[in-house]
Peer 1: 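Please read through the structure below; I'll follow up with questions.
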Number of protein chains: 2
Amino acid sequence: MLQLYDLFLKTGLRPFAFMSDTLHLEQNVTRSDMSTLLILLFRGDLTMSELAAEMGAPLSSMTSIAKRLERKGYIARATSAQDQRVKLVTLTQEGRLLGKQWESIMLGMLGRLETAFSTEEMEQFTTLLFKAARVFQEGGPLKPHETMTRPIKIKIEE
Amino acid sequence: MLQLYDLFLKTGLRPFAFMSDTLHLEQNVTRSDMSTLLILLFRGDLTMSELAAEMGAPLSSMTSIAKRLERKGYIARATSAQDQRVKLVTLTQEGRLLGKQWESIMLGMLGRLETAFSTEEMEQFTTLLFKAARVFQEGGPLKPHETMTRPIKIKIEE
DNA sequence: AATAATTACTACGATATCGTACTAAAGGGG
DNA sequence: CCCCTTTAGTACGATATCGTAGTAATTATT
């Protein structure tokens with residue numbers, strides 16, 4: 001359990017730093033940049049607000065990030081025809097390319113996880129992870145007792 | 001599995017933002033600050049280098065953080081008697097107090113997890129989490145997107 | 001239709017992180 | 001001892017995030 005604190009404390013400062021050596025291709029581009037490109041790749045063109053929401057970042061931060069990415073030539077911003085206020089963000093050819101590069105890296109990571117985990121473990125892992133995330137985010141007062149979903153028990157190979 | 005990407009993308013930018021609302025007591029102090037105080041609380045007095053290592057941050061960042069915390073009166077830095085180069089970082093009374101406050105918040109979080117999870121789930125969760133972390137950090141060559149043998153899928157009742 | 005409120009962003013300034021270059025103390029031959 | 005290397009930390013500058021305060025376009029209200 002102490003390990004859990006440990007992971008938390010490290011991850012708190014430098015998100016996923018523990019895997020960052022592996023992700024050394026992050027050269028020259030921020031983590032935010034990477035996230036943005038990947039989101040655009042997955043979700044298609046989005047407005048600034050939508051992007052910000054997907055990223056979980058404030059809109060003002062999103063502006064900075066977008067400006068940077070535009071300067072580097074990875075995205076383009078065009079004002080929408082229907083509503084002059086909204087800007088539609090699109091991947092350029094280069095941006096799409098870079099995004100795909102990262103996608104494949106992430107697939108590689110995932111693949112590594114999948115080779116290390118059995119299928120059951122994998123499912124367990126994701127299920128539990130999201131359950132945990134849900135528990136944390138839908139905060140509320142710390143209740144001592146709550147109904148819970150039926151536990152699934154499998155044996156884990158170390 | 002898409003969800004996993006999702007979590008990654010959000011967490012990548014704003015570490016643990018998904019639980020940050022709950023941690024609203026973070027007012028006025030950085031995540032790094034919090035980590036630092038907690039580490040000092042758990043591990044006792046440390047040198048700058050040791051602290052940096054625990055945090056997983058570069059030493060130069062640690063200097064900034066320490067300076068800030070010193071200015072706010074949460075830590076004190078004293079040069080070691082044996083080696084004039086090293087600075088020993090200590091919690092002040094105030095720092096210790098604040099640290100304990102956060103410790104109890106974290107305990108609360110953990111408690112919430114424990115009420116939501118069964119004992120088996122909890123065990124599996126931590127085990128899998130660390131297994132995953134290990135997989136990522138001691139990464140091998142990581143060839144992007146190799147096709148790999150997919151294990152047989154077994155369905156698990158939720 | 002004129003005004004008020006809201007929405008979708010951007011600008012700007014404050015503060016954070018971190019790479020590189022530097023300084024000073026400690027250790028290690030010769 | 002003196003020089004050379006290593007170690008522990010700081011300084012500084014570049015770049016990032018993000019809260020607050022604007023601005024312009026849209027929608028609502030009377």
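Numbered from 1 within each chain, the chains take letters A, B, ... in sequence-line order. Here the structure is a predicted model, which is why all the values come from computation and not from measurement.
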Peer 1: If every non-hydrogen atom of B:Phe125 is compared with every non-hydrogen atom of A:Ala132, which pair is closest and at what distance?
Peer 2: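 What the structure gives for the nearest pair is CZ-CB, 3.8 Å.
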Peer 1: Rounded to the Å, how far apart are B:Glu70 CD and D:dT10 C1'?
Peer 2: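 Atom CD in B:Glu70 sits about 13 Å away from atom C1' in D:dT10.
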Peer 1: Nearest whole angstrom, please: distance from the C1' of C:dC9 to the CD1 of A:Ile65.
Peer 2: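 It works out to 14 Å between those atoms.
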Peer 1: What are the residues of residues 73-86 of chain A, sorted by number, that bring a heavy atom to within less than 4.0 Å of DNA chain D?
Peer 2: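 Contacting residues: A:Gln82, A:Asp83, A:Gln84, A:Arg85.
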Peer 1: Nearest-nucleotide wise, let me know which of B:Leu88 and A:Ser64 is further upstream toward the 5' end of DNA chain D.
Peer 2: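 Closer to the 5' end of DNA chain D: B:Leu88.
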Peer 1: When you match A:Asp33 and B:Lys67 each to their closest nucleotide on DNA chain D, which lands nearer the 5' end?
Peer 2: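 Result of the comparison: B:Lys67.
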Peer 1: Can you confirm whether more than 12 heavy atoms, excluding those of A:Lys100, are under 6.0 Å from its NZ atom?
Peer 2: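 No, because the 6.0 Å sphere around NZ of A:Lys100 holds 12 heavy atoms or fewer from other groups.
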Peer 1: Do A:Glu121 and B:Lys131 sit within salt-bridge range, that is, some charged N less than 4.0 Å from a carboxylate O?
Peer 2: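 Here A:Glu121 pairs with B:Lys131 in a salt bridge, since their nearest N and O are under 4.0 Å apart.
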Peer 1: How long is the line joining CE of A:Met55 and C1' of D:dA16, in whole Å?
Peer 2: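 A:Met55 atom CE is separated from D:dA16 atom C1' by 12 Å.
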Peer 1: Between atom CE in A:Met62 and atom P in C:dT7, what is the gap in whole Å?
Peer 2: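 Value for this atom pair: 21 Å.
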Peer 1: Say whether, by atom type as modelled, one donor and one acceptor occur between the side chain of B:Thr30 and the main chain of B:Asp33 under 3.5 angstrom.
Peer 2: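 Judged by distance alone, no pair lies under 3.5 Å.
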Peer 1: Identify which one of B:Thr36, B:Ile39, B:Val89 satisfies the side-chain contact (heavy atoms from CB on, under 4.5 Å) criterion when paired with B:Leu46.
Peer 2: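 Checked B:Thr36, B:Ile39, B:Val89 against B:Leu46; only one passes side-chain contact (heavy atoms from CB on, under 4.5 Å): B:Ile39.
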Peer 1: May I have the distance from B:Leu59 (atom CG) to C:dA21 (atom P), rounded to whole angstrom?
Peer 2: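 The answer, rounded to whole Å, is 16 Å.
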Peer 1: Please report the closest heavy-atom contact between B:Met55 and B:Ile65, naming both atoms and the distance.
Peer 2: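 Minimum heavy-atom separation between B:Met55 and B:Ile65: CE-CD1, 4.2 Å.
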Peer 1: Take atom NZ of A:Lys87 and atom C1' of D:dA25, then tell me their distance rounded to the nearest Å.
Peer 2: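 After rounding, the gap between these two atoms is 12 Å.
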Peer 1: Could you work out which one of D:dT17, D:dT10, C:dC9 sits closest to the side chain of A:Arg68?
Peer 2: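 Closest nucleotide to the A:Arg68 side chain: D:dT17.
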Peer 1: Toss me the dot-bracket line for DNA chain C: Watson-Crick and G-U wobble, both under 3.5 Å, 5' to 3', using | for pairs to another strand and [ ] for crossers.
Peer 2: ||||||||||||||||||||||||||||||
Peer 1: Identify which one of B:Ile75, B:Leu98, B:Leu69 satisfies the side-chain contact (heavy atoms from CB on, under 4.5 Å) criterion when paired with B:Leu91.
Peer 2: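 Among the candidates, only B:Ile75 passes.
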Peer 1: What's the closest nucleotide to the side chain of A:Ser60 if the choices are C:dA11, D:dA8, C:dC9?
Peer 2: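 The listed nucleotide nearest to A:Ser60's side chain is C:dA11.
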Peer 1: Round to the nearest Å and state the distance from B:Lys72 atom NZ to C:dA16 atom C1'.
Peer 2: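 After rounding, the gap between these two atoms is 11 Å.
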Peer 1: Under 3.5 Å, is there a donor-acceptor pair between the side chain of B:Ser80 and the main chain of B:Val86?
Peer 2: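 Flag not set: sc B:Ser80 to bb B:Val86 has no pair under 3.5 Å.
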Peer 1: If you only use heavy atoms from C-beta on, which nucleotide in C:dC9, C:dC18, C:dA16 is closest to the side chain of B:Ser61?
Peer 2: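 It is C:dC18.
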Peer 1: For the pair A:Thr92 (side chain) and A:Tyr74 (backbone), establish whether a donor and an acceptor sit closer than 3.5 Å, ignoring hydrogens and angles.
Peer 2: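 Indeed, once roles are kept as given, a pair shorter than 3.5 Å links the two residues.
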Peer 1: Write down the distance between CZ (A:Arg31) and C1' (C:dT17), rounded to a whole number of angstrom.
Peer 2: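 Spelled out: CZ on A:Arg31 to C1' on C:dT17 is 12 Å.
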